[in-house]
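One structure below.
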Amino acid sequence: MTVFEELKARGLLAQLTDEKEIQELVDTGRATFYIGFDPTADSLHVGHFMALCLMKRMQMAGNRPIALIGGGTGMIGDPSGRSDLRTMMTKETIEHNCECFKKQMSRFIEFGEIGRASCRERV
């Protein structure tokens with residue numbers, strides 16, 4: 001079973017613009033992809049686990065993951081329609097949380113050298 005077929009069989013693909021091209025990129029290890037993480041705490045939680053497992057599996061097949069940590073939701077909260085507001089965090093707190101995430105993520109995915117994962121912090 002190819003990596004793409006495994007992702008499809010597990011229900012991890014919902015919508016694709018060009019399925020054939022994406023399948024070729026993923027199966028040949030030439031895909032670069034990102035997953036965003038909201039640094040509202042200084043530790044990853046179980047909800048991040050599936051995304052990290054996907055990143056690891058894709059990286060093992062030669063693809064390049066990018067962990068995008070931070071952004072507007074880290075500063076102002078998530079627009080999920082909740083009636084309660086998140087506590088506003090300082091830029092320093094968000095930067096600290098991003099560093100903690102990266103350290104924890106490095107147990108799953110390899111960062112660094114060309115062809116390895118990269119981590120983009122958007123504060």
For [X], give me all partners under side chain to side chain contact (heavy atoms under 4.5 Å, CB included), at least two apart in sequence or on another chain.
| X | result |
| --- | --- |
| F33 | I35, M55, M58, N63, P65 |
| A41 | none |
| T2 | F4, E5, Q23, D27 |

Taking side-chain hydrogen bond (donor to acceptor under 3.5 Å, both in side chains) as the test, write out the residues that go with [X], two or more places apart.
| X | result |
| --- | --- |
| D42 | none |
| R30 | E24, T28 |
| S43 | Q104 |

If you define the side chain from C-beta out and look only at heavy atoms, does anything of [X] sit under 4.5 Å from [Y]?
| X | Y | answer |
| --- | --- | --- |
| E110 | Q59 | yes |
| L54 | L7 | yes |
| F111 | M105 | yes |

Problem - For the student: nearest non-hydrogen atoms of P39 and M89, plus distance - result: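 What the structure gives for the nearest pair is O-CE, 3.3 Å.
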Exercise for the section: Not counting sequence neighbours, list each pair that qualifies as a salt bridge (Lys or Arg N to Asp or Glu O under 4.0 Å) and has a residue in residues 11-20. Expected result: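 Matches after skipping sequence neighbours: K8-E19.
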Handout entry: Sequence neighbours excluded, every pair satisfying salt bridge (Lys or Arg N to Asp or Glu O under 4.0 Å) that has a member inside residues 46-56
Key =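 For residues 46-56, and leaving out neighbouring residues, there are no salt bridge (Lys or Arg N to Asp or Glu O under 4.0 Å) pairs at all.
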As an exercise, state the distance from [atom1] of [X] to [atom2] of [Y], rounded to the nearest 0.5 Å.
| X | Y | atom1 | atom2 | answer |
| --- | --- | --- | --- | --- |
| I94 | F101 | CD1 | CZ | 11.0 Å |
| I109 | R107 | CD1 | CZ | 13.0 Å |
| E95 | C100 | CD | SG | 12.0 Å |

Practice task
For the residue pair H48 and F37, categorise the inter-ring angle as parallel (less than 30°), tilted (30 to 60°) or perpendicular (more than 60°).
Solution key: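 Answer is tilted, since the angle falls between 30° and 60°.
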Exercise for the section: Evaluate side chain to side chain contact (heavy atoms under 4.5 Å, CB included) for V3 paired with M60, printing each intermediate quantity in order. Expected result: CA-CA 10 Å; V3 176; M60 288 172 58; over 6 Å; no
Exercise for the section: Flag yes if L12 and L25 sit in one hydrophobic cluster, no otherwise; membership is Ile, Leu, Val, Met, Phe, Trp, Tyr, and two members link when side-chain heavy atoms are under 4.5 Å apart. Expected result: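 Per the 4.5 Å side-chain linkage, L12 and L25 are not co-clustered.
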Problem - Check: M1 main-chain N/O paired with E6 side-chain donor or acceptor under 3.5 Å - result: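 Side chain of E6 to backbone of M1, a donor-acceptor pair under 3.5 Å: no, none is there.
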Handout entry: Criterion side chain to side chain contact (heavy atoms under 4.5 Å, CB included) on T32 and I66, from CA distance to verdict
Key = CA-CA 7 Å; T32 297; I66 297 172; 3.7 Å; yes
